[in-house]
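Quantities reported herein were computed from a predicted structural model and do not represent experimental measurements. When a residue number appears, it is its place in the shown sequence, counting from 1.
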Amino acid sequence: MNQQQNGQVRRRDGAAVSADSMAATSSAANVAPKADVNPGSAPGSAVKPPWNALWVLALALAMIVLDGSIVNVSIPVMIREIGLNLTDAQWVTSLYNIILAALLLPFGKLGDLKGRKMTLQVGVVVFVAGSILAASSNGATLLLSARAVQAIGGALVMPSTLSIVSASFRGKNRAIAFGVWGSVMSAAAAIGPFLGGLFTQTIGWRWIFLVNVPLGVIVFISSIFFVPKTGGKAGASAMGAAAQQLASANSAKSAAKPEGFDPLGIVLSALGSAFLIFGLIEGQTYGWLKPKGDFGIGGFKWGASWPISVIPICIVLGIVFFALFIHAENSRARRARPVMLDLTLFRIPTFAMGNIAAGAIQAGEFVIMFVLPLYLINVRGLNMIPTGALLATMGLGAIVSGGLARPVTAKIGAPHTVQFGLIVEMLSVVILMVMMRPKLPVAWMLIPFVLYGFGLGFAAAQLTSLVLSEVPVAQSGEGSATQSTIRQLGTGVGAAVAGLVLSVMVANIAPSALGGVKGLPSQLVSGLTKSLDASAGSVIVGIRAQGTHGKLGALGPQVVDAMSSAFTRASQWTLVVAIVMLAVGLIASIWVARAAKRDEVE
């Protein structure tokens, strides 16, 4: 419970707030009790929530999320048409993810200081410019440069969309707004591979970038008219007197904190994010301990003959830079200097535990999205378009659950909505594992795919709402950027775990499965196992296409069956790990719910 002593009130996060400030808060609450107050409101008035702005922000988010998932399927065609080598191809996605993760925190803080609408609009312009450059690329240098520009734009847009939603919606409308935001994020990620395959096989791979141009124009023009100004001096001046009082009340935790830039914090957080994300995502590619191949960037080369891989070095550097970042931020805060991230936000139980839940859930969801395309293409023999269409049905489920967010949340509350969504996700993954049988028609998998998306929409949206529920409005940008960064780290953990578990299980299961093929020499068993592991199952497609006319002769179909069985079982074990990660998220979400309930009581 709050305690009053010597004219001050000690809040739950440890910040001292004057009694006069608390009186002003009470006065402001009396001006407009239970009203949804938004920037631009007249004194004492309740303003209709900016629903038009929500759809603009959702479209901006969809554009950024799509770009993260639409590119991968087109890389083989890019290699062929513009002459990328293997290293270049790997950097097409890695560079985007690394720069995006490195800049989320600094740009989220920038939005708080200079205005979130401005960072959104600048980000859209930068992102569209990068998309045009990428579409016009005829070589690796321009394409990689364009991907870097896109990542800068994406890092400006992503935290801006979430922080504007957080700052502009209040009360019961907040659950709806976050429901839409989360559903769009989930749907865009699921639809991306389908659109990538469709564009690449019909109108050409360049359209995976050109599609961003009309989307960006619509977002930019619409934002001028519909998106409210929040953050910065412009956002503060747009508020009426009552709104300012309420914003001051909501921001009491950060009232005495100095504003300004923290160059050292920007550099340390960017380096920590970049090294850690790269190490986690690319560990399977370059080797966790011993090098699997040459690593090169610019004129620097890390040879395959070196005693240790570049990956553990990057992970250690990432951890060191993050430790230095935390030390520097604490030191600057003690000296009343501006900080890049207010670490006292993590004293808010819903924020701290909610981010743990978000990271675990993101990791589990990435594992699922990593394994399923490999299974559908390599084992079930589908091509990219039907595979993408199947995965896109998850997006349909997310859209439906987003529409149901308001009545469900109103009935059972946001914490229980998150838990319900996670349980549905876990149940759907179990059903998927049961359905991974060679004789079962693939169409039956539509049921768990839609069910998974349905749960995903509930969990992702309302968890975001819970995480940011107690973050002061003035710090929405850094709070939103922190969650986005942790989600990126969750993606990196998911990538690391998925690749590692799948590889280990293939290496353990395939030898016995292939050993059951009568007449197959033992040396071929070893070679085929290594090929199955190294290719993540794609070797099955080639052997299947050869039939009985390949090097394996009449044993070809039997080898395909054995390898398919081994890869299926390895995929199922990897999905078990995904369920465990979702369960960790579920446990953390229960702690979030308890923390939220304690806050309501106090």
Would you compute the distance between atom CG of L390 and atom CG of L372 and round it to the nearest 0.5 angstrom?
9.5 Å
Could you tell me whether the side chain of S273 reaches within less than 4.5 Å of the side chain of T485, counting heavy atoms only?
yes
As an exercise, state the distance from CD of Q488 to CG of L105, rounded to the nearest 0.5 Å.
11.0 Å
Side chain S503, main chain L500, donor-acceptor under 3.5 Å
no
Indicate whether any N or O donor in one side chain lies under 3.5 Å from an N or O acceptor in the other, for H416 and Q419.
yes
Identify the two heavy atoms, one from A510 and one from L532, that lie closest to each other, and give their separation to 0.1 Å.
CB-CD2, 4.0 Å
Check D67 against I70 and note the closest heavy-atom contact, atom names and distance.
CA-CG2, 3.9 Å
Step through the shown structure and confirm whether more than 12 heavy atoms of other residues, nucleotides or ligands are within 6.0 Å of CH2 on W444.
no
Any donor-acceptor N/O pair, W302 side chain to I308 backbone, under 3.5 Å
yes
Heavy-atom side-chain contact between T548 and P557 under 4.5 Å
yes
Using side-chain contact (heavy atoms from CB on, under 4.5 Å), reason through Q150 and S131 one step at a time and then give a plain yes or no.
CA-CA 6 Å; Q150 281 189 298; S131 299; 3.0 Å; yes
Student check: side-chain heavy atoms of L104 and R487 closer than 4.5 Å:
no
Tabulate below the donor-acceptor pairs under 3.5 Å that side-chain atoms of residues 188-205 make, not counting sequence neighbours, or state none.
unit_1 : atom_1 : unit_2 : atom_2 : d
T200   : OG1    : S74    : OG     : 2.5
T200   : OG1    : G196   : O      : 2.7
T202   : OG1    : L198   : O      : 2.4
W205   : NE1    : E81    : OE1    : 2.8

Does the side chain of Q558 reach to within under 4.5 Å of the side chain of L555, using non-hydrogen atoms?
yes
Quick one: closest heavy-atom pair of I543 and G556, and the distance?
CG2-O, 4.0 Å
Determine the minimum heavy-atom distance between V165 and L57, stating which atoms define it.
CG2-CD1, 3.7 Å
Go through L524 and V559 one step at a time and tell me if the side-chain contact (heavy atoms from CB on, under 4.5 Å) criterion holds.
CA-CA 10 Å; L524 279 181; V559 168; over 6 Å; no
Would you check if V525 and V517 make a side-chain contact, meaning some heavy-atom pair closer than 4.5 Å?
no
In sequence, state the C-alpha distance, the side-chain angles, and the governing distance for V316 and F275, and then conclude on side-chain contact (heavy atoms from CB on, under 4.5 Å).
CA-CA 8 Å; V316 169; F275 278 110; over 6 Å; no
Minimum heavy-atom separation for W288 to G279, with atom names?
CZ3-O, 3.7 Å
Between side-chain atoms of residues 562-587 and protein atoms elsewhere (two or more places apart, or another chain), which donor-acceptor pairs fall under 3.5 Å?
unit_1 : atom_1 : unit_2 : atom_2 : d
S564   : OG     : V560   : O      : 2.7
T568   : OG1    : S564   : O      : 2.7
S571   : OG     : F567   : O      : 2.8
Q572   : NE2    : M433   : O      : 2.9
T574   : OG1    : A570   : O      : 2.8

Do side-chain atoms of S484 reach the backbone of P159 as a donor and acceptor pair under 3.5 angstrom?
no
How long is the span from the CZ atom in R380 to the OG1 atom in T387, to the nearest 0.5 Å?
11.0 Å
Would the distance check show the side chain of T161 and the main-chain N or O of L61 forming a donor-acceptor pair, the cut-off being under 3.5 Å?
no
Tell me the closest heavy-atom pair linking G492 and L280, and the distance in Å.
O-CB, 3.4 Å
Value rounded to 0.5 Å, distance of CG in L422 from CD1 in I361
4.0 Å
Rounded to the nearest 0.5 Å, how far does CG of L451 lie from CG of L446?
12.0 Å
Do Y452 and E365 come close enough that some side-chain heavy atom pair is under 4.5 Å?
yes
Counting C-beta onward and ignoring hydrogens, is there a side-chain heavy-atom pair between V493 and L489 closer than 4.5 Å?
no
Are the side chains of I431 and I447 in touch, meaning some heavy atoms are under 4.5 Å apart?
no
Side chain of R544, backbone of N378: donor and acceptor closer than 3.5 Å?
yes
Closer than 3.5 angstrom, by distance alone: can the side chain of R147 be matched with the main-chain N or O of Y96 as a donor-acceptor pair?
no
Verify, without hydrogens or angle tests, whether N355 (side chain) and F351 (backbone) share a donor-acceptor contact under 3.5 angstrom.
yes
Where do N383 and I377 land on the side-chain contact (heavy atoms from CB on, under 4.5 Å) test, with the steps shown first?
CA-CA 6 Å; N383 63 34; I377 292 170; over 6 Å; no
Rounded distance (nearest 0.5 Å) linking atom CZ of F209 with atom OG of S137:
7.0 Å
